[in-house]
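Data first, discussion second: the structure below is written as structure tokens.
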Amino acid sequence: MGKIILGNMKSRMTYDEVIEYIDEIKDKIDYSKVVLFPSNIYINEFKKLNIKLGLQNIIEDDIITGEITFSQAKSMGIDYAIVGHSERRSKLYEDNVMINEKIKNIKNMGIVLCIGETQEEKTKLETEEVLKRQIYTALKDVDDMKNIIIAYEPIWAIGTGEIPSLYELKKAISTIKKFVREIKNTNVKVLYGGSVNKENIKELNDVDLIDGFLIGGACLKVQEFLEIIDIVKGN
Ligand code: PGA
């Protein structure tokens with residue numbers, strides 16, 4: 001089947017860096033299961049690459065200054081969007097109810113719903129409860145689950161170099177899969193994100209329960225990103 005690889009470029013890279021990146025990666029990236037999520041202003045440049053593109057955030061069709069709607073994304077040939085990334089939750093106060101509004105009203109687009117616990121919640125052994133709450137509210141009244149992918153991103157693992165133990169990871173991912181089956185009666189793909197890099201990708205890739213990876217920092221370094229893709233492809 002092959003695991004999917006999503007590259008979350010966040011609000012990183014200047015225009016010159018983008019041009020250099022595209023130039024360096026363009027003939028080398030050949031895995032059909034890669035989706036890159038660049039900054040919106042660079043989307044046209046990234047269209048030169050022969051890969052799928054996604055938005056880092058999206059809204060339902062509405063008139064809101066500074067936002068990008070589902071119809072606009074579709075008109076640019078974009079078929080994926082991340083929703084509820086923890087940086088948006090913590091810095092822009094997006095909550096599960098807002099996230100649910102987006103998901104409910106966006107059809108025919110691959111939605112990557114990010115969930116994950118904070119360090120404090122982890123220490124208090126609340127991980128499972130937090131994940132279930134996030135899923136329950138974000139997916140409330142969402143009947144069509146076929147385009148939904150969940151990315152499990154523990155907040156304490158994002159950009160820190162730390163990753164969960166394989167035990168913790170398997171436990172969290174099975175909790176997510178089982179809970180979605182319980183409330184939606186369907187299977188869902190679950191990705192792992194948070195400090196994935198060329199050093200840890202082998203051990204992460206061996207976890208069958210993981211359906212792919214959401215990669216931040218490491219997707220910006222062409223060589224490292226290509227090495228990661230190779231390992232995942234070979235799976
Ligand atoms: P990271 O980011 O790989 O740099 O930890 C992942 C993410 O925030 O999606």
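Residue indices begin at 1 and follow the sequence shown. Indexing begins at 1, ligand by ligand and atom by atom, following the structure's order. Note that the coordinates shown come from a computational prediction; the quantities given were computed from them, not determined experimentally. Quick note: numbers below take in every heavy atom, side chains included, and nothing from hydrogens, waters or symmetry partners.
Taking distance alone, with nitrogen or oxygen atoms compared against 3.5 Å, I215 stays at or beyond that limit from ligand 1. Between T160 and ligand 1, not a single N/O pair is under 3.5 Å apart.
The aromatic rings of Y80 and F37 stand perpendicular to each other, their planes meeting at an angle above 60°, with 30° marking the opposite boundary.
The proximity of I158 to ligand 1, defined as any non-hydrogen pair under 4.0 Å, involves the side chain as well as the backbone.
Defined by atom type and a distance below 3.5 Å, a donor-acceptor pair is missing between the side-chain atoms of T137 and N100. Checking E94 against H85 by side-chain atom types alone, no donor-acceptor pair falls below 3.5 Å. K140 and N96 are not linked by any side-chain donor-acceptor pair at a separation below 3.5 angstrom, with hydrogens and angles left out of the test.
Within ligand 1, counting atoms from 1 as listed, the ones closer than 4.0 Å to a heavy atom of G194 are 5 (O). Every atom of ligand 1 is numbered from 1 in the order shown, and the set under 4.0 Å from a heavy atom of G217 is 1 (P), 3 (O), 4 (O). Taking every non-hydrogen atom of K10 and a distance limit under 4.0 Å, the qualifying atoms of ligand 1 come out as 2 (O), 7 (C), 8 (O). Close contacts of ligand 1 with H85, meaning ligand atoms under 4.0 Å from a residue heavy atom, involve 7 (C), 8 (O), 9 (O).
Ranking protein heavy atoms by distance to atom 3 (O) of ligand 1, first place goes to G216 N, 2.9 Å. The protein non-hydrogen atom at the shortest distance from atom 9 (O) of ligand 1 is E153 OE2, 2.7 Å.
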Side-chain donor-acceptor pairs of residues 20-27 under 3.5 Å, sequence neighbours excluded:
{"unit_1": "Y21", "atom_1": "OH", "unit_2": "C219", "atom_2": "O", "d": "2.5"}
{"unit_1": "D23", "atom_1": "OD1", "unit_2": "K26", "atom_2": "NZ", "d": "2.9"}

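Here the closest non-hydrogen pair linking V112 and A151 is CG1-CB, 3.9 Å.
Exactly one residue among E162, E168, E117 makes a salt bridge (Lys or Arg N to Asp or Glu O under 4.0 Å) with K122. That residue is E168.
Residue-ligand proximity: G193 is placed with every non-hydrogen atom at 4.0 Å or more from ligand 1. Ligand 1 has at least one atom lying under 4.0 Å from a heavy atom of S195.
With S39 contributing its side chain and Y42 its backbone, the two residues share no donor-acceptor pair below 3.5 Å.
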